[in-house]
Protein chains: 2
Amino acid sequence: MLRVRLKQSLADRGYRLTRQRAAILEVLAGTREHLTAEEVHRRVRFLCPELNLTTVYRNLNLMARQKIIGRVDFGDGRARFEARSDHHHHLFCLGCGRVIEIPACPVSIDEVFVRQHSFRITEHQFEAYGYCADCDRPGSEGAPV
Amino acid sequence: MLRVRLKQSLADRGYRLTRQRAAILEVLAGTREHLTAEEVHRRVRFLCPELNLTTVYRNLNLMARQKIIGRVDFGDGRARFEARSDHHHHLFCLGCGRVIEIPACPVSIDEVFVRQHSFRITEHQFEAYGYCADCDRPGSEGAPV
DNA sequence: ATTTAGATGCAAATGATTTGCATATATACC
DNA sequence: GGTATATATGCAAATCATTTGCATCTAAAT
Ligand SMILES: [Mn+2]
Ligand SMILES: [Mn+2]
Ligand SMILES: [Zn+2]
Ligand SMILES: [Zn+2]
């Protein structure tokens with residue numbers, strides 16, 4: 001089960017499985033959405049009311065750094081987190097914030113060019129922006145999610 | 001000449017060509033570097049010492065919005081600006097901050113997939129991260145640029 | 001030269017994220 | 001199960017890039 005695996009991965013790396021961490025993972029594992037720290041905090045309060053936003057930040061950072069969860073940046077000034085931690089990309093709707101996962105990595109860089117510059121690529125980020133079906137028809141901007 | 005064209009494009013769109021704006025464009029047109037607002041401000045002071053950082057921000061934003069200049073986000077929390085405004089991408093060295101421009105857009109999204117979701121893509125962003133030749137050899141992290 | 005919408009400078013506000021530090025608590029060990 | 005201690009948490013305050021309010025200035029149209 002996803003949430004068991006996520007929690008286990010904390011222990012595997014020598015981190016304590018606190019009530020707070022369990023609750024955060026519970027929230028992320030329970031949705032396919034891409035949540036800001038603030039959103040995680042709001043949802044996690046039902047499971048663990050005393051949980052502080054600072055702790056949410058500290059743990060989302062820790063888990064993302066450990067690649068237990070994923071972090072995405074849609075360029076709107078706040079990071080989003082998701083249960084998936086494998087390499088993938090998204091379509092982001094500028095109208096309502098909807099996120100669609102792209103099945104295959106659409107990037108292929110000219111290897112010759114990179115080798116010419118002796119540059120060793122370790123990672124990349126790609127996100128596409130536009131309007132989903134709901135937001136694209138004129139007059140409807142879609143309710144901001 | 002590049003700087004003349006950039007300045008002209010301000011006038012073309014009904015914006016005033018102020019001493020401050022001319023100086024900012026002068027700085028950007030004079031380099032191929034990708035500068036933060038702070039860096040633009042530091043360099044522009046030689047041409048226009050009273051120029052305020054707020055004004056630098058306001059004008060870089062204006063010009064980027066008008067696609068007179070380019071804006072890039074390397075995910076380190078501050079925007080970079082450059083004289084180029086055409087669609088292109090970069091390699092960003094995590095060791096020294098060096099930026100290498102990628103000649104061709106390496107992105108091709110599965111059109112069938114996008115059509116299935118009735119998503120209309122208006123733009124995308126892609127940046128690759130890693131280590132340049134100078135920073136890749138062990139022991140040398142390269143001087144931060 | 002006059003006029004005035006648009007631009008600038010300065011100070012203060014934002015807003016997401018981080019940090020310092022005293023207190024609390026998982027987990028290892030007996 | 002009880003105890004020790006390295007870790008984690010809560011709260012308040014700090015960061016830091018960027019934005020905003022407002023009084024003053026100025027480019028450029030007349
Ligand atoms: Mn995703
Ligand atoms: Mn560039
Ligand atoms: Zn990819
Ligand atoms: Zn591209």
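Throughout, protein chains are lettered first and strands after them, A, B, ... in sequence-line order, and every chain is numbered starting at 1.
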S.K.: How close or far is atom C1' of D:dA27 from atom CG of B:Leu10, stated in whole angstroms?
M.R.: 13 Å
S.K.: Could you tell me the separation between the CG atom of B:Leu60 and the C1' atom of D:dT18, rounded to a whole number of Å?
M.R.: 12 Å
S.K.: May I ask you to verify if any side-chain N or O of B:Asn59 is less than 4.0 angstrom from the OP1 or OP2 atom of C:dA7?
M.R.: no
S.K.: Can you confirm whether more than 12 heavy atoms, excluding those of A:Glu111, are under 6.0 Å from its CD atom?
M.R.: no
S.K.: Specify the residue among B:Arg80 and B:Thr18 whose closest nucleotide of DNA chain D lies further upstream toward the 5′ end.
M.R.: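 Its nucleotide being nearer the 5' end, the pick is B:Arg80.
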S.K.: Under 3.5 Å, is there a donor-acceptor pair between the A:His124 and B:His89 side chains?
M.R.: no
S.K.: Starting from the first five and the last five pairs of the helix from C:dA1-D:dT30 to C:dC30-D:dG1, work out the angle between the resulting helix axes, to 10 degrees.
M.R.: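 Between the first-five-pair axis and the last-five-pair axis there is 40°.
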S.K.: I'd like to check A:Phe74 versus A:Tyr129 (side-chain heavy atoms, cut-off strictly below 4.5 Å). Are they in contact?
M.R.: yes
S.K.: Check the distance between D:dA6's C1' and A:Leu17's CG and give it to me in whole angstrom.
M.R.: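 Answer to the nearest Å: 17 Å.
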S.K.: Just how far, in rounded Å, is C1' of C:dA12 from CG of B:Leu53?
M.R.: 15 Å
S.K.: Closer to the 5' end of DNA chain D via nearest nucleotide, is it B:Arg58 or A:Arg19?
M.R.: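 The residue mapped nearer the 5' terminus is A:Arg19.
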S.K.: Crowded around B:Arg32 CZ? As in, over 12 foreign heavy atoms under 6.0 Å?
M.R.: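 Result for CZ/B:Arg32: open.
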S.K.: Tell me whether the OP1 or OP2 atom of C:dT25 has a side-chain N or O from A:Gln20 closer than 4.0 Å.
M.R.: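 Answer no for this pair, as no side-chain N or O of A:Gln20 is under 4.0 Å from OP1 or OP2.
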S.K.: Rounded off to whole Å, could you give me the CG-to-P distance for the A:Leu62 and C:dT18 pair?
M.R.: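 Roughly 12 Å, once rounded to whole Å.
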S.K.: Hey, are the side chains of A:Ile69 and A:Leu25 touching, using non-hydrogen atoms and a 4.5 Å cut-off?
M.R.: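 In contact.
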S.K.: Report the residues that fulfil side-chain hydrogen bond (donor to acceptor under 3.5 Å, both in side chains) with A:Arg16, sequence neighbours left out, ordered by chain and then residue number.
M.R.: none
S.K.: D:dA13 C1' sits how many Å from A:Asn52 CG, rounded?
M.R.: 13 Å
S.K.: Taking 4.0 Å as the cut-off, does a side-chain nitrogen or oxygen of B:Tyr57 come that near to OP1 or OP2 on D:dT18?
M.R.: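 Yes, B:Tyr57 has a side-chain N/O under 4.0 Å of OP1/OP2 on D:dT18.
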S.K.: Got a salt bridge between B:Arg45 and B:Glu50, using NZ or NE/NH1/NH2 to carboxylate O under 4.0 Å?
M.R.: no
S.K.: Please work out if A:Thr54 contacts a base, only the sugar-phosphate, or nothing of the nucleic acid, heavy-atom cut-off 4.0 Å.
M.R.: base
S.K.: Looking at A:Asn61, does any N or O in its side chain come under 4.0 Å of the phosphate oxygens OP1/OP2 on C:dT17?
M.R.: no
S.K.: Got a sec, which residues hit side chain to side chain contact (heavy atoms under 4.5 Å, CB included) with A:Glu101, two or more places apart in sequence or on another chain?
M.R.: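 Testing A:Glu101 for side chain to side chain contact (heavy atoms under 4.5 Å, CB included), a comparison that skips the adjacent residues, returns A:His34, A:Glu82, A:Arg84, A:His88, A:His90.
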S.K.: From the set C:dT17, D:dA8, D:dT18, return the single nucleotide nearest to any side-chain atom of A:Ala37.
M.R.: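 Of C:dT17, D:dA8, D:dT18, C:dT17 is nearest to the side chain of A:Ala37.
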S.K.: Mind checking if A:Arg78 touches a base, just sugar-phosphate, or nothing, with heavy atoms under 4.0 Å?
M.R.: sugar-phosphate
S.K.: Rounded to whole Å, please give me the gap between OH in A:Tyr15 and P in D:dT7.
M.R.: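 One finds 10 Å between P of D:dT7 and OH of A:Tyr15, rounded.
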S.K.: Counting side-chain heavy atoms from C-beta on, which of D:dG10, C:dT17, C:dA7 comes nearest to B:Arg21?
M.R.: C:dA7
S.K.: Ignoring hydrogens and geometry beyond distance, is the side chain of A:Arg16 in donor-acceptor contact with the base of D:dT7 at under 3.5 Å?
M.R.: yes
S.K.: Can you tell me how far P of C:dA7 sits from CG of B:Leu25, to the nearest Å?
M.R.: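 One finds 14 Å between P of C:dA7 and CG of B:Leu25, rounded.
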S.K.: So what does B:Glu38 touch, heavy atoms closer than 4.0 Å: a base, only the sugar-phosphate, or nothing?
M.R.: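 Answer is nothing: B:Glu38 stays at 4.0 Å or more from every strand.
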